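Note that the structure is a prediction, hence the values are computed from the model and not measured.
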Amino acid sequence: MKIGVLALQGAVREHIRHIELCGHEGIPVKKVEQLEEIEGLILPGGESTTLRRLMNLYGFKEAMQQSDLPMFGTCAGLIVLASDIVDEEGYLKKLDVTVARNSFGRQVDSFEADLDVKGIDHKVNGVFIRAPHIVEAHNDAEVLSRIDDRIVAVREGKYLGVSFHPELTDDFSMTKYFIEEVIGS
Ligand code: GLN
């Protein structure tokens with residue numbers, strides 16, 4: 001399968017590596033036309049304000065709102081997918097959740113955690129870097145993981161969003177879940 005990674009900003013190469021570890025082809029997506037060539041799209045972490053600005057500039061906002069591709073947002077990518085952002089207007093509004101940005105503290109407060117994720121049979125190692133959390137999952141959005149009372153992974157149909165960076169570890173099970181369970185279903 002060809003899986004795209006939105007390559008405007010952020011941790012692109014690391015996601016391509018995880019896609020390849022899953023036995024699939026990872027495509028850096030820089031132009032909207034490339035959305036036609038792939039079967040799923042990963043929105044990487046980075047800085048969601050910059051990501052939104054570049055998506056506006058290159059026509060990705062409209063193209064992705066109209067697209068019915070499965071999408072997986074990590075960290076800033078989750079913020080971009082969310083229907084609501086605390087104190088800001090939601091952007092793509094694909095995943096029916098309210099997110100709060102930078103809710104685990106500042107850059108110096110980055111941390112790793114071993115998470116229980118529904119549908120994955122071992123602890124998933126995630127890296128949190130100025131991470132958002134999901135304040136509330138609405139309607140059909142299913143909570144897959146929490147840290148204490150904070151939601152950090154959600155799936156709604158063909159959309160998957162996590163607060164953390166799974167691609168910065170050697171555990172590619174979140175990418176595998178996206179490819180096999182989300183795209184594959
Ligand atoms: N804090 C960033 C934002 O709000 C997200 C950080 C990340 O993707 N690691 O966009």
For residues 22-42, which residue pairs qualify under side chain to side chain donor-acceptor pair (under 3.5 Å), counting only residues two or more places apart or in two chains? none
Return the minimal non-hydrogen interatomic distance between F178 and K158, and the atom names on each side. CE1-O, 4.5 Å
Pair listing, side chain to side chain donor-acceptor pair (under 3.5 Å) test, anchored in residues 131-142, at least two apart: D96-N139, T98-H138, S103-H133, K118-E142
Inter- and intrachain pairs under ring pair (Phe, Tyr, Trp, His ring centres under 6.0 Å), touching residues 113-132, at least two apart: F104-F128, F111-F128, F128-F164
My understanding is that only residues two or more places apart in sequence, or in another chain, count here; which of them pass side chain to side chain contact (heavy atoms under 4.5 Å, CB included) with Y159? M71, K94, L95
List in chain and number order the residues that pass salt bridge (charged side-chain N to carboxylate O under 4.0 Å, His left out) with K176, two or more places apart in sequence or in another chain; answer none if no residue qualifies. E180
Listed partners of K93 passing salt bridge (charged side-chain N to carboxylate O under 4.0 Å, His left out), at least two apart: E89
Sequence neighbours left out, what passes side chain to side chain donor-acceptor pair (under 3.5 Å) with K2? Give chain and number order. none
Kindly write out the residues that satisfy salt bridge (charged side-chain N to carboxylate O under 4.0 Å, His left out) with R150, not counting sequence neighbours, or none if the list is empty. none
Backbone N/O of D116 and side chain of S145: donor-acceptor pair under 3.5 Å: yes
Pairs involving residues 44-55, ordered by first then second residue, that meet salt bridge (charged side-chain N to carboxylate O under 4.0 Å, His left out) (sequence neighbours left out): E47-R101, E47-R130, R52-E88
By salt bridge (charged side-chain N to carboxylate O under 4.0 Å, His left out), K61 pairs with (sequence neighbours left out) none
Return each pair, listed once, that meets salt bridge (charged side-chain N to carboxylate O under 4.0 Å, His left out) where at least one residue sits in residues 161-174; pairs must be two or more places apart or across chains. R17-D170
Contacts of N125 that satisfy side chain to side chain contact (heavy atoms under 4.5 Å, CB included) - sequence neighbours left out: E112, D114, T169
